[in-house]
Amino acid sequence: MVLSTIVTVLALPPAAGGADTVYELPLPAGSTHSTVRAMNDAGDVVGHAFGDDGTGRLVRWGADGSLTLLQGAGGGSGGSAAGMAEDGTVAGSADTPDGVRHPARWDASGRLTRLEEPSGFVEGEVLDVNDARVAVGHLSTGSAVFPARWGADGRAVLLRLPARAAGGTATGINGTGEVTGHVSLPGDRTRAVLWDRTGRVHDLGSLGGAYAEPSDINDRGTVVGLATDADGTWKAAQAPRGGRLKALPSQEAGARGVHLGGSDVVVGNVKDRSLRWSGGTAVELRWVAGSGPTSVRGVNDAGTSIGTSGAYAVTWDAQGKPAALPVPAGAGRGEPVAINGAGVVAGNAAEPGTWPVRWRAVVWR
């Protein structure tokens, strides 16, 4: 039985870029707040809607402002979204009432498909999906985790492990079907790898430390992520197609939250700064005047970055110049989450000084 509900509450204008006007996304009946998780290039958004009791439901907002509740698993309503395909398909994980997480996919109508869990596996999670509806993530036996790929038909394939690896997870897939992730090695170490379209696994190396964990791969085959150096310091790292991980320049200790665009622009947070790397050069993403520290959250294929500067939601251009995004009346802070190829930004806005924070999902166009 399909449990989805579709309600058209407002009509959003066509995406035109610029991100200079903010629109609140509608809430389903009984919900009081919401958050954004991901957006596709068509302008569809997926996230969560919450009631006063904290109970959440996965929801999909169409580019036209329509609202669809995503079907729960086995009578449950919990879950998480990892990403969206161009046709509006959502991939992620559905929680059954017993609290177990299972790999899942939802079509544009909100109908749930549980992805295959082969014999011996008891739970799993999708971490990324491409426009061909091929998903990647991991499957768990309860004692070990293994990297997996699910085809458009929902069938699971366990990805090959290199010698001495005892498990791992796939964290990103590009439009051509190449997959990146990391594998677990003896001594509580992780190693960055790439699985090509034939399923062969390629070692992407490390920065000399114990951990190397890619987060994203673009259609050029460029991989980015985080890795530790010989001193145990976390660094933002990049591997070109056919190459191995190298630390990006101009970093202090403490890199986190690295994101990749289709044109090989990389953004990330390093200690108390946000940086943009392109062509081997680092540019600092500047604060909005009078605001606080920055936190970059993403970058699109055109090289426009999104994030926060103090309480401001902002975009940054290629020179690191910020532009503050408006927030709805009564809201005093914004938090961009995703930007698509057209320059549409999706994220959250909230009233200032409230605790707990009651976010509302918004779109900037």
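Taking the side chain to side chain contact (heavy atoms under 4.5 Å, CB included) definition, one finds that Asn300 meets it with Ala302, Thr304, Ile339, sequence neighbours left out. Legend: residues meeting side chain to side chain donor-acceptor pair (under 3.5 Å) with Asn130, ordered by chain and number and at least two apart, are absent. Partners of Ala255 according to the side chain to side chain contact (heavy atoms under 4.5 Å, CB included) rule, which considers only residues two or more places apart in sequence or in another chain, are Leu226, Ala236, Gln251, Val270. Shown here are the side chain to side chain contact (heavy atoms under 4.5 Å, CB included) partners of Asp219, two or more places apart in sequence or in another chain: Asn174. Residues satisfying the side chain to side chain donor-acceptor pair (under 3.5 Å) criterion with Glu86, sequence neighbours excluded, are absent altogether. Taking the side chain to side chain contact (heavy atoms under 4.5 Å, CB included) definition, one finds that Ser140 meets it with Glu123, Val145, sequence neighbours left out.
Side-chain contact check for Asp20 versus Pro326: every heavy-atom pair is 4.5 Å or farther apart. In this structure, the side chains of Leu58 and His48 come closer than 4.5 Å at one or more pairs of heavy atoms.
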**Q.** Verdict with reasoning, Asp52 to Arg358, per salt bridge (Lys or Arg N to Asp or Glu O under 4.0 Å)
**A.** CA-CA 10 Å; Asp52 280 329; Arg358 293 292 185 94; 3.2 Å; yes

Q: Evaluate the criterion salt bridge (Lys or Arg N to Asp or Glu O under 4.0 Å) for residue pair Asp317 and Lys321; output intermediate values, then yes/no.
A: CA-CA 6 Å; Asp317 64 15; Lys321 180 181 177 180; 5.8 Å; no

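Between the side chain of Asp301 and the backbone N or O of Gly261 there is no donor-acceptor pair closer than 3.5 Å. Using a distance-only test at 3.5 Å, with no hydrogens or angles considered, a donor-acceptor pair links the side chain of Arg105 to the main chain of Ala152. No donor-acceptor pair closer than 3.5 Å links the side chain of Thr190 to the backbone N or O of Val183. Counting only distance, with no hydrogens or angles, the side chain of Arg286 and the backbone of Gln319 share a donor-acceptor pair below 3.5 Å. Put simply, the side chain of Thr68 never gets that close to the backbone of Gly110: no donor and acceptor are under 3.5 Å apart. Although no hydrogens or angles enter the test, the distance criterion places a donor-acceptor pair under 3.5 Å between the side chain of Asp128 and the main chain of Ile173. Using a distance-only test at 3.5 Å, with no hydrogens or angles considered, a donor-acceptor pair links the side chain of Thr180 to the main chain of Val193.
Val283 belongs to no hydrophobic cluster with other residues, because no ILVMFWY side-chain heavy atom falls under 4.5 Å from its own, directly or through intermediates. Hydrophobic cluster membership for Val129: none, as no Ile, Leu, Val, Met, Phe, Trp or Tyr side chain comes under 4.5 Å of it.
Counted by atom type alone, Asn269 and Ser274 present one or more donor-acceptor pairs between their side chains at under 3.5 Å. No side-chain N or O of Asp231 forms a donor-acceptor pair with one of Thr233 less than 3.5 Å apart. In this model, a donor atom of one side chain and an acceptor atom of the other lie less than 3.5 Å apart for Arg297 and Ser295.
Both Leu285 and Val314 are part of a single hydrophobic cluster, where members link through side-chain heavy atoms under 4.5 Å apart. A continuous path of ILVMFWY side-chain contacts below 4.5 Å connects Val136 to Leu139, so both sit in one hydrophobic cluster.
Annotation: side-chain hydrogen bond (donor to acceptor under 3.5 Å, both in side chains) contacts involving residues 151-173, sequence neighbours excluded, comprise Glu116-Arg155, His138-Thr169. The list of ring-ring contact (aromatic ring centres under 6.0 Å, His included) pairs with a residue in residues 320-343, not counting sequence neighbours, is empty. Among pairs with a residue in residues 226-249, those fulfilling ring-ring contact (aromatic ring centres under 6.0 Å, His included) read Tyr211-Trp234, at least two apart in sequence or across chains. Residue pairs satisfying the ring-ring contact (aromatic ring centres under 6.0 Å, His included) criterion with at least one member in residues 265-318, sequence neighbours excluded, are absent.
Remark: Asp196 engages Arg200 in a salt bridge, criterion side-chain N to carboxylate O under 4.0 Å.
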